[in-house]
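Structure first, commentary second.
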Amino acid sequence: MSLGELARPLTIYWDLTPLPAISPDYTRICHHIAAIKPLQLHLLDCGPALDQTCFSILEQMRGTPLAVVLTTVPNNISEASLDRLHNLGLRGLLLYAASCAELAGITAIRDDVGGRFATGIAFQVNHGNWQELPRVVTFCLEHGISSLTLPMQRLYGDEPAFTLAAQEQATLTELLARLDYSALRLTIHDPFLWRAFNPTTPFPGGGCQAANTMLAISPDGTVYPCPTLPLALGNLHTSTLTEILASAAKIDMRKMLRELPEACGDCAELHQCRGGCRGRSYVLQGSACSLDPACERSVN
Amino acid sequence: MRRIQRNPDVLWREEDEQRDQARNALEQGDDAEDIATSLLFNNGVMLSLNILGTEIWKLCDGRTTEEIVAELLTCFEVEEDELSADVTAFLNELATKGFIRYGE
């Protein structure tokens, strides 16, 4: 049975950092989130220290069926913070890194976590580090880390959009083919990165899920369809999530995203990429209805 | 007899609006098979279940297959043999995908 269009998202990505000039009302946002009953809440807190806000959000979500996963940098984790996160019912911890050098120290944390909650690595891929991916995979395999996530880019900020060119993808595929990472649980949101890791398995899902199975909340409370699609649907200073989900902006957004980019036409690769990343199209091409530049680079 | 438990790691949600829609359809004698009334998510795998699948899922709380079938017979007008076969096949599929576990 196809999932189709959902009235409420399954996953909310809520970024707490970088800290905004004016903080939103975190308690109010927690109430908004609880009201729409998502299954998962992904918190991102990569500031210099775990903010009290993060703990108070976990406190408010404790006892609800919502599974909260926290992404943070290894330096923010101590034995005391692990105890506190465990007591607050955290379901998963992703340790953020953007280079192999930053992976050092993660194994000690993994050992400290024990079986208290699922632990993995969130490796943010960019133009400067994609060649390190085989080493990251090797690191996970050698250190018993069973989960590797390649997070969605936060394109509502000033992060430059990343695309992998055809030759780069071929190089990466070749390097990864030397490794057996079948036991590693990979979460990959970019269809073209997915293909480098899974050359024979089509990208799962039914096309762009922005504003359908997911929503993103930026540190200042702005709501986006997805972290990579910087077309605001509203702001939680002035609206509730329930109102945003019922809004014409959200309905129109889904109508647009359900249609594949016209340039895809009857492309034979469509079953592989499912229309590509629409946020990247918007940022780099000026329209979410344009071809994903990763595809153009791949084709050319 | 094997007792059936939901995998506690599975995240799931019942969709109230769709459940009411399915119930109304059944009351009017219409087909509700294609109305997804719940969503299950585990380890990157997502499943949507219709009203019968959802009711079976909710009954996976330590009951046996026979107990689940007996309970469903009080809610759905179907032949017991047919229901039993459907429930067994559905549970085996859920077990294969890691959504439920068989115990003693």
Side-chain angles (χ1 to χ4, degrees), chain A residues 1-12 33-42 61 64-69 89-92 94 115-120 146-150 182-189 194 197-198 201-207 209 212-214 242 245-246, chain B residues 5-26 30-61 76 86-87 89-101:
Chain A
M1 188 175 292
S2 158
L3 279 180
E5 291 298 304
L6 303 180
R8 298 170 287 142
L10 302 176
T11 305
I12 304 276
I33 291 172
I36 63 166
K37 297 181 187 169
L39 298 181
Q40 289 181 302
L41 173 63
H42 281 259
M61 295 305 182
T64 70
L66 188 65
V68 184
V69 176
L90 188 76
R91 285 285 285 269
L94 291 175
R116 286 184 282 191
F117 37 73
T119 311
S146 59
S147 166
L148 173 62
T149 296
L150 307 183
S182 52
L184 188 61
R185 191 156 69 86
L186 288 163
T187 303
I188 304 174
H189 300 277
W194 170 274
F197 278 83
N198 306 280
T201 310
F203 189 63
Q209 292 300 311
N212 188 38
T213 62
M214 71 170 90
T242 305
L245 286 171
Chain B
Q5 287 284 1
R6 288 190 292 270
N7 176 348
D9 292 334
V10 174
L11 306 172
W12 67 284
R13 165 175 100 190
E14 196 166 15
E15 304 288 44
D16 301 340
E17 199 176 312
Q18 283 83 349
R19 183 196 56 217
D20 294 346
Q21 195 186 336
R23 281 182 180 161
N24 287 339
L26 290 175
D30 294 334
D31 193 0
E33 200 175 332
D34 291 334
I35 302 172
T37 63
S38 67
L39 295 164
L40 280 56
F41 185 73
N42 181 40
N43 234 346
V45 178
M46 217 173 291
L47 283 183
S48 55
L49 306 181
N50 62 21
I51 192 162
L52 179 58
T54 302
E55 293 309 313
I56 296 171
W57 168 252
K58 284 156 65 179
L59 292 168
C60 294
D61 55 2
F76 295 93
D86 286 349
V87 169
F90 177 68
L91 290 173
N92 286 339
E93 187 190 338
L94 287 182
T96 304
K97 290 177 175 165
F99 285 76
I100 58 164
R101 292 164 183 168

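Side-chain atoms are counted along with the backbone in the values below, which use heavy atoms only and exclude waters and symmetry mates. Chain A is the first sequence line, chain B the second, and so forth, proteins listed ahead of strands; every chain is numbered from 1. Since we're looking at a predicted model, the values are computed, not measured.
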How close do [X] and [Y] get, heavy atom to heavy atom, and via which atoms?
X	Y	answer
B:Leu11	A:Gln40	CD1-CG, 3.2 Å
A:Lys37	B:Arg13	O-NH1, 2.9 Å
B:Phe41	A:Leu39	CB-CD1, 4.0 Å

Exercise. How would you list all residue pairs meeting salt bridge (Lys or Arg N to Asp or Glu O under 4.0 Å) that involve residues 43-60 of chain B, not counting sequence neighbours?
Worked result: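 For residues 43-60 of chain B: B:Glu14-B:Lys58, B:Glu55-B:Lys58.
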
For this session: Can you tell which part of A:Arg91 gets under 4.5 Å to a heavy atom of chain B, answering side chain, backbone, both or neither?
Result: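 For A:Arg91, the contact with chain B is made by the side chain alone.
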
Exercise. Is any residue of residues 89-99 of chain B within less than 4.5 Å of chain A by heavy atoms, and which ones?
Worked result: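 At a heavy-atom separation under 4.5 Å, chain A is reached by no residue of residues 89-99 of chain B.
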
Problem set entry | Any B:Leu39 side-chain heavy atom under 4.5 Å of A:Leu6 side chain |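 Sidechains of A:Leu6 and B:Leu39: in contact.
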
Exercise. How long is the span from the OG1 atom in A:Thr213 to the CE atom in B:Met46, to the nearest 0.5 Å?
Worked result: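 Spacing of OG1 (A:Thr213) from CE (B:Met46) equals 5.5 Å.
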
